[in-house]
*Asks:* 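What follows is a single structure, and I will ask about it in a moment.
Scope of the values below: all heavy atoms of this structure, side chains included, with no hydrogens, waters or symmetry mates.
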Amino acid sequence: MNEELLQISNRIRELREILEISAQEVAEKVGVSCETYLQYEEGKLDIPVSILYEIAAQLGTDLTV
């Protein structure tokens with residue numbers, strides 16, 4: 001598993017949990033299924049840059065964070 005992808009996935013999940021936003025809610029707002037979104041968070045799927053930007057926006061953070 002790609003270490004960078006795993007770090008990004010973990011950061012996304014941690015921030016979402018801190019903000020108390022459900023995976024379903026983020027998935028709906030970025031236009032993917034909840035199953036796909038959870039695979040992003042688990043590091044099982046590469047996250048397209050366009051989706052990564054949308055996730056960052058939904059979590060109220062900059063992509064570089």
*Asks:* What do the steps show when you test Gln58 against Ile21 for side-chain contact (heavy atoms from CB on, under 4.5 Å), and what is the final call?
*Replies:* CA-CA 9 Å; Gln58 292 304 315; Ile21 301 172; over 6 Å; no

*Asks:* Distance check, rounded to the nearest 0.5 Å: Leu52 atom CG versus Ser9 atom OG?
*Replies:*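 Rounded to the nearest 0.5 Å, the CG-OG separation comes out at 9.0 Å.
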
*Asks:* For a 4.5 angstrom cut-off between non-hydrogen side-chain atoms, does Asn10 reach Arg13?
*Replies:*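 Yes, their side chains come closer than 4.5 Å.
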
*Asks:* Please identify each residue that fulfils salt bridge (Lys or Arg N to Asp or Glu O under 4.0 Å) with Glu25, with sequence neighbours left out.
*Replies:*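 Counting only residues at least two positions away or on another chain, Glu25 forms a salt bridge (Lys or Arg N to Asp or Glu O under 4.0 Å) with Lys29.
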
*Asks:* So, taking the atom named CD1 in Ile55 and the one named OH in Tyr37, what distance separates them when rounded to the nearest 0.5 Å?
*Replies:*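 Spacing of CD1 (Ile55) from OH (Tyr37) equals 5.0 Å.
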
*Asks:* Applying the 4.5 Å side-chain criterion to the ILVMFWY set and letting contacts propagate, would Val49 and Ile12 be lumped into a single cluster?
*Replies:*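 Shared cluster, yes.
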
*Asks:* Show the nearest heavy-atom pair for residues Ile51 and Val30, with the distance to one decimal.
*Replies:*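 Taking every non-hydrogen atom into account, CD1-O, 3.8 Å.
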
*Asks:* Tell me, please, which residues at least two apart from Glu54 pass salt bridge (Lys or Arg N to Asp or Glu O under 4.0 Å).
*Replies:*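 Partners of Glu54 under the salt bridge (Lys or Arg N to Asp or Glu O under 4.0 Å) test: none.
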
*Asks:* Taking atom CD of Gln39 and atom OG of Ser33, what is their separation to the nearest 0.5 Å?
*Replies:*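 Gln39 CD to Ser33 OG: 7.5 Å, rounded to 0.5 Å.
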
*Asks:* Just how far is it from atom CG of Leu6 to atom CD of Glu3, taken to the nearest 0.5 Å?
*Replies:*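 One finds 5.5 Å between CG of Leu6 and CD of Glu3.
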
*Asks:* Atom CD in Gln7, atom CG in Asn2: separation rounded to 0.5 Å?
*Replies:*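 Atom-to-atom, Gln7:CD and Asn2:CG are 9.0 Å apart.
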
*Asks:* So how far is it from Leu59 CG to Glu17 CD, rounded to the nearest 0.5 Å?
*Replies:*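 Those atoms lie 11.0 Å apart.
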
*Asks:* Restricting to side chain to side chain contact (heavy atoms under 4.5 Å, CB included), what partner residues turn up for Glu28, sequence neighbours left out?
*Replies:*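 With neighbours one apart ignored, the set is Gln24.
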
*Asks:* Return the minimal non-hydrogen interatomic distance between Asp46 and Tyr40, and the atom names on each side.
*Replies:*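 Result for this residue pair: O-CE2, 3.4 Å.
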
*Asks:* Indicate the atoms forming the closest heavy-atom contact of Asp62 with Ala56, along with that distance.
*Replies:*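 Result for this residue pair: C-CB, 4.3 Å.
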
